[in-house]
Amino acid sequence: MTTLGNTIAAEFAKLLTTRLWWILALVLFGYIGLLAGGLAALFAGISSGAISPDAAGSSGSGGLPDFGTLPPLIYSFASSVGYVFPVLIGALATTGEFRHQTLTPTFLASPRRGQVLGAKVIALFVVGAVFGIVALAASVGLGAPVMNAFDVDPLLTDSATWALIARTVLAMGLWAIIGVGLGVLVPNQVASIVIVLAFTQFVEPLLRLAASFLEVTARIGNFLPGAASDALVGASVFTMASPTGGAAAALDWWQGGLVLLAYALVATLGGYFASWKRDVT
Amino acid sequence: MPTGTTIEFSHIHKSFGATTAVNDLSFTVEPGRVTGFLGPNGAGKTTSLRMLLGLVAPTSGTATFGGIRYRDLPQPLHTVGAALEAASFHPGRSARNHLGVYTTAAGLPRTRVMAVLEQVGLGAHADQRVGGYSLGMRQRLGLAYALLGDPGVLVLDEPINGLDPEGIKWIRGFLRAMAAEGRTVLVSSHLLSEVQQSVDDVVIIARGALVHLGPLASLETDAAPQIVVDSPDREALGAALTAAGLTYSVGRTGLLVAAADPGSVGHLAFAAGVEVSALHRQKAGLEDSFLALVGEGHTL
C-alpha cells in the first residue's frame, strides 16, 4: 500500500542515495566552524585583552557586542549564516524531481500527489533539523572551546543556551521546508538556486539593513524570513549590528517561528498549485 | 500469477491551449494479447498513455483499468507497470537505489529490486550509477521499474528505441511471454516494422484521432494489391498503360499499376508490342498500409 509512512520513507531514501546531502553538510560544517571559531577567537581575544581593539580594526564603531552575549552570538551563526544550506537542499531535492523527470516514477508509485509533497515536507524538515545539528556542532563545538581558551564563559551550563540550540534546530528544519516551497514555485533548478543565493546573501541582508533605519520599516523588516528566523533563534549577528539595536522592535521567538512557518506553508501550497499538480509531460 | 485487466479509453480528449493533442479517442485493450499503439511522432501516443496513467489530466473523457482510474488503484504498481521515457532517473543514483526508492514508496518487498534487475539483464550493473548507463541499459532499467510490482498490465512507450539487435530480439520474446501469461500488454511505437513481429492487435492513431483498430492481419486486407510491371522501354510501356486508361507510378523495380490482374496488364503490353521484363502481383506491405493510414506528409 502507498501509505504516508511509505511515501515519507521513500523521500528519505531519495535524499540519502545521492551525494548531495553529505557534501552540503560537510561544507556547512566547515563554513560555520571557520566563521564561529574565527570570530570567537577575535571577539574573545579582544575582551580578554589578548587582542587590542585597534589591531582588530574596530576603530570606535561601537559595533562590538556586549561580551556577556558573545556565546549566543557565536552559536547563532549556525542559523543566521548557515540557513542557506537547508534552503538549498530543500530546493534541490524538489527541483531535481522536475529536472531529472523523476516525477514520473514518483507519481506512478504514489499517485496521490498531495501526499507525496507532504512527505517531502516532513522528510526535508528532518534533514533541515539534522543540518541544524551539524551547524551547531560547528558553531558550539568550535566556538565554545575557543571562548573558553580566552577565559570567556561559553555559557554551556546556561539553560538559555540550550533553548537557543533547540530553537536553532527548529529554525533550520523550517528553512528546509521553505526550500521545498521555493522548489515547487520555481521548478527550474538553476533559477531556484540563483534565487536562493541572491536572496539570502544579498537581497535580504540589504533589505534588513535598509529597513532598520526607521522605526516603521524596522517593524515591517521583522517579518522578512531571515529576521523572523533570527527572532526565533534569539540571537544573530544581524540584530546585534543593526543601528537601532534591533531588540526594540524584534518579534518574540514564537512569533518569529510562526512567521517562518507561514512562509514555508504558503510557498509550498502555492507551489502545489503552480507546478506540482500540473501535467507531467 | 497476476491477471490482466482491460484498458479502456473512452472519448478521451486533450487540448494544450489551442492545440488538440488527442481527439475523442476510444478503444479497448484486452488481456492475453500484445497490442501495438502506433502512430507517427506527434500523433498523441505519449499524451494518451500519460492520461491513462494519471500523469496528464484529460480535458474530457476517461481512461481506466477495468473501470478504475489509475489514481484510484489501491496498489498501482502491482496492477500496472509502466515504462515511459528512457531518462527518468537521477544520474547520481545506482539502479539498485533508484528502484529501491519506488519499492519503498509502493510498499513492495525489497527483494523485488534484484529480481527485476536480473529479469532485464542488469543484475551485474545494479550498483553502477545510472548516469553512466547506455541508452539501451536505461531502456532496460525503465522496464525493470515497470516490472517491480509484478503487474497484470504493462504499458510501454517506445520500449524498442535505443535497443541493440540482441535487445530487440529479447524484448520481442519478453512481450510475447508476458501476454502468454495472461497479462495485458500495450506497447507504443512510431514504426510498425519495430513491433509487427510481436503484436496481435494494432491501434493506429494520427493527429490525435483513431484511424485503425483491429488484429494485425486486418491491416493487410485493407490494402489494395498492386501489379509491378517493367520493360526495357519504360516509356512505351507507360504510354500503353495510359492508353488503356490505367494509372501508374514509377517504383524502384518497375511501374506500379493499380490493377487487380497481372494477366490483363501482360496482355495489354503484348498487344502494344512492348517487351515485358517483369510482371508480378505485389501485396502492399503492412508498413505501406500503415503509412497510407496515418497519411502522407508524416515522414517518420
(message) Using 0.5 Å steps for rounding, measure from the NE2 atom of B/H90 to the CD atom of A/E97.
(response) 9.5 Å
(message) With chain B as the partner, which of A/E11, A/R99, A/R113, A/R278 has the greatest number of non-hydrogen pairs under 4.5 Å?
(response) A/R113
(message) In the structure I gave you, are the side-chain heavy atoms of B/V56 and A/T281 within less than 4.5 Å of one another anywhere?
(response) yes
(message) Let's test your reading of the structure: which of B/N97, B/V101, B/L53 forms the most heavy-atom pairs below 4.5 Å with chain A?
(response) B/V101
(request) May I ask you to decide if B/R71's main-chain N or O and A/R112's side chain share a donor-acceptor pair within less than 3.5 Å? (result) no
(request) Pick whichever of A/A13, A/A119, A/G5, A/P111 has the most heavy-atom pairs under 4.5 Å with chain B. (result) A/P111
(request) State, with a plain yes or no, whether a side-chain heavy atom of B/Y102 is found less than 4.5 Å away from one of A/T102. (result) yes
(request) State, to 0.1 Å, how close B/A105 and A/A109 come at their nearest heavy-atom pair, and which atoms those are. (result) CB-CB, 4.1 Å
(request) Indicate the atoms forming the closest heavy-atom contact of A/Q101 with B/S88, along with that distance. (result) O-OG, 3.1 Å
(message) Minimum heavy-atom separation for A/L108 and B/A82, please, with both atom names.
(response) CD1-CB, 4.0 Å
(message) As an exercise: rank B/L77, B/L148, B/T47, B/T46 by heavy-atom pairs under 4.5 Å with chain A and give me the winner.
(response) B/L77
(request) Taking all heavy atoms of B/F16 and all of A/D279, pick out the closest pair and write down the distance. (result) CE2-OD2, 4.0 Å
(message) Please give me the minimum heavy-atom distance between B/Y70 and A/F107, naming the atom from each residue.
(response) CE2-O, 4.2 Å
(message) Is it the case that the side chains of A/T17 and B/R93 hold a donor-acceptor pair, with the cut-off being a distance below 3.5 Å and no angle test?
(response) yes
